Amino acid sequence: MSNIEQTLSIIKPDAVERNLIDEIKKIFTDNKLIVKESKKIHITKDEAAEFYKVHQSKPFYNDLCLYLSSGPIVVMVLEGENAVAANRKLMGATNPKEAEENTIRNLFGLSIDKNSVHGSDSLENAKKEINFFFNN
Ligand code: CMP
C-alpha cells in the first residue's frame, strides 16, 4: 500500500553559500521525492529560535539559532513515498563525520553545526514545520 507523505527540508546557510541548492535538490528528485514548494528566505534569530524551540534546553541552542539566521536558507516541502524517513536516509547522520557514504551530509556537511540540511524527524513534526514556513 502506498504511503505518500510530505516533509520539510531546509538547505542551511553553509550549503546555500557554496551554491549547492541545485545539487541537493537533484538528490531528492533522483530519489523519487518531489519538491512541491521551495523558497529562499533569510530568517531572524527570533524566528530560528521559534523554529528550533524543541531544542531550547540544549547547550547548542543559541549557536544553532544564530547559525540558521546567519544567511539565506532554502525551505522546501518534499513529497513522496514515506517522505519523512526517505529524506532522513538521504541526509545521513546529524554529524557529517558519522554520516553514511554518499548521503547529503557525508558529501557536503562541514561540521555538526554546518551540516548542510535539516529534515523533519517525524510526520507530526513535519506537519508543524511545513506550517511554520508555508502557512498561507
Ligand atoms: P538539525 O537536523 O537541523 O537539528 C538540530 C541541529 O542542531 C542539528 O541539525 C545540528 O546541526 C545542530 N547541533 C549542534 N550540536 C548538536 C549536537 N550536539 N547534537 C545534535 N545536534 C546538534
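This structure is a prediction, so every number in the text was calculated from the model and none was measured. When a ligand or atom number is given, it counts from 1 through the structure's own listing order.
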Problem set entry | Flag, side chain of H55 to backbone of F60, donor-acceptor distance under 3.5 Å | no
For this session: Among all protein heavy atoms, pick out the one at the shortest distance from atom 6 (C) of ligand 1; state its residue, atom name and that distance to 0.1 Å.
Result: L64 CD1, 3.5 Å
Exercise. Does any donor atom in the side chain of N102 or E100 lie under 3.5 Å from an acceptor atom in the other side chain?
Worked result: no
For this session: Examine the proximity of ligand 1 to N95 and report which part, side chain or backbone, both or neither, has a heavy atom under 4.0 Å away.
Result: neither
Exercise. Looking only at heavy atoms, which two atoms of M76 and V74 are closest? And how far apart?
Worked result: CG-CG1, 3.9 Å
Exercise. Among the heavy atoms of K114, does any lie under 4.0 Å from an atom of ligand 1?
Worked result: no
For this session: Please confirm whether the backbone N or O of G119 pairs with a side-chain atom of S9, one donor and one acceptor, at under 3.5 Å?
Result: no
Problem set entry | For atom 4 (O) of ligand 1, closest protein heavy-atom neighbour | Y52 CE2, 3.7 Å
Problem set entry | Worked check of side chain to side chain contact (heavy atoms under 4.5 Å, CB included) between N62 and K45 | CA-CA 9 Å; N62 190 55; K45 190 189 174 204; 2.5 Å; yes
Exercise. Does K58 approach ligand 1 within less than 4.0 angstrom via side chain, backbone, both or neither, non-hydrogen atoms only?
Worked result: neither
For this session: Might you point out which heavy atoms bring F134 and V75 nearest each other, and give the distance in Å?
Result: CZ-O, 3.5 Å
Seminar exercise, completed: Looking only at non-hydrogen atoms, the one of F60, Y61, Y67 nearest atom 16 (C) of ligand 1 is F60
Problem set entry | Heavy-atom nearest option to atom 11 (O) of ligand 1, drawn from V117, T94, I112 | I112
Problem set entry | For H118, atoms of ligand 1 separated by under 4.0 Å from a heavy atom | 1 (P), 2 (O), 3 (O), 4 (O)
Seminar exercise, completed: Closest heavy-atom pair, K40 versus I21, reported as atoms and distance to 0.1 Å, is CE-CD1, 3.8 Å
Exercise. How does R105 reach ligand 1, by side chain, by backbone, by both or by neither, if only non-hydrogen atoms under 4.0 Å count?
Worked result: side chain
For this session: Using modelled atom types only, decide if a donor and an acceptor are shared between the side chain of N131 and the backbone of K127 within a distance under 3.5 Å.
Result: no
Exercise. Which protein heavy atom lies closest to atom 14 (C) of ligand 1, and at what distance to 0.1 Å?
Worked result: D113 OD1, 3.3 Å
For this session: Give the atoms of ligand 1, by number and element, whose distance to some non-hydrogen atom of K12 is under 4.0 Å.
Result: 1 (P), 3 (O), 9 (O), 11 (O)
Exercise. Against heavy atoms of H55, which atoms of ligand 1 measure under 4.0 Å?
Worked result: 4 (O), 5 (C)
